[in-house]
Amino acid sequence: DAGITQSPRYKITETGRQVTLMCHQTWSHSYMFWYRQDLGHGLRLIYYSAAADITDKGEVSDGYVVSRSKTENFPLTLESATRSQTSVYFCASTPQVGLGDTDTQYFGPGTRLTVL
Amino acid sequence: AQSVTQLGSHVSVSEGALVLLRCNYSSSVPPYLFWYVQYPNQGLQLLLKYTSAATLVKGINGFEAEFKKSETSFHLTKPSAHMSDAAEYFCAVIFPSGGGADGLTFGKGTHLIIQP
């Protein structure tokens, strides 16, 4: 089915381990985003990408790395997981930005990550 | 500083009563405004958006919101609450000065509770 998917949906890991969260979209949207959702904070932007091989930091990027070798994939890596990175992570995409009518972001179902 | 504020982390209404969820933004330039809904263990779904066309915006599931520039507000309403409306609601903003590529800025969310 077309859309935006995330994997895994649930992940438990230990402090210090490397973890990669996957995001895949089938719309060929140019822009992709990673957010984390924490109680009392809403969603906060971690990284975004305007196109393949173009990425930039968001509000809370420390401890995270992204890559985008293909338009449809936007993996998020926690290089050395910490307990403070326990959160729900959402990936989103949109075809373009800055033009109002096309700014709608479409969200994946989320990945719930627990760091012990 | 540009920001978005949702008043009330929890709102409780009776089934059939008016739903009013408040959102205010802080910006010298009117932004693009969105309301998203999140049902338990799911991703975010767009309810409606304001992109400088009509100030009264109608969305899905009977929700609507009115953009009031003088009050820097974008409150979400529904005339008659239904049990299925129980969810978390997020107001989100794209500030045009940022070009939109830096993603959505979210409020902290309002949990809507529907009393039978």
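Every chain is numbered from 1 and lettered A, B, ... according to where its sequence line falls, protein lines coming before strand lines. Just so you know, these numbers use all the heavy atoms, side chains as well, and skip hydrogens, waters and symmetry mates.
The hydrophobic clustering, which links ILVMFWY residues whose side-chain heavy atoms are closer than 4.5 Å, places A/Leu113 and A/Leu76 together. The cluster map of Ile, Leu, Val, Met, Phe, Trp and Tyr, joined by side-chain heavy atoms under 4.5 Å apart, puts B/Leu20 and B/Met83 in different clusters. No single ILVMFWY cluster, assembled from side-chain heavy atoms under 4.5 Å apart, contains both A/Val65 and A/Val19. Hydrophobic cluster membership is shared by B/Ile60 and B/Leu33, with clusters built from Ile, Leu, Val, Met, Phe, Trp and Tyr side chains linked at under 4.5 angstrom. With hydrophobic clusters built from ILVMFWY side chains whose heavy atoms lie under 4.5 angstrom apart, A/Phe74 does not share a cluster with A/Met22.
Only the side chain of B/Leu46 comes within less than 4.5 Å of a heavy atom in chain A; its backbone stays farther off. Of the atoms belonging to B/Gln45, not a single heavy atom falls under 4.5 Å from chain A. If you measure heavy-atom distances from A/Arg112 to chain B, the contacts under 4.5 Å come from the side chain alone. Using a 4.5 Å cut-off between heavy atoms, A/Glu59 makes no contact with chain B at all.
Contact annotation: the side chain of A/Phe107 never approaches that of B/Gln42 to less than 4.5 Å [non-hydrogen atoms, C-beta and beyond].
No more than 12 heavy-atom neighbours from other residues, nucleotides or ligands sit within 6.0 angstrom of CD1 on A/Ile12. The environment of CZ in A/Arg17 is sparse: at most 12 heavy-atom neighbours from other residues, nucleotides or ligands sit within 6.0 Å.
The CG atom of A/Leu43 sits 5.5 Å away from the CG atom of B/Leu44 when rounded to the nearest 0.5 Å. A/Gln105 CD to B/Ile94 CD1: the interatomic distance, rounded to the nearest 0.5 Å, is 5.5 Å. The CG atom of A/Leu39 sits 11.0 Å away from atom NE2 of B/His111, with the distance rounded to the nearest 0.5 Å.
Here the closest non-hydrogen pair linking B/Lys49 and A/Thr104 is NZ-OG1, 2.7 Å.
Distance alone, capped at 3.5 Å, places no donor-acceptor pair between the A/Tyr35 side chain and the B/Phe106 backbone.
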Q: Could you give me the CA-CA distance, side-chain angles and deciding distance for B/Gln38 and A/Phe90, then say whether side-chain contact (heavy atoms from CB on, under 4.5 Å) is met?
A: CA-CA 12 Å; B/Gln38 184 182 31; A/Phe90 287 98; 3.2 Å; yes
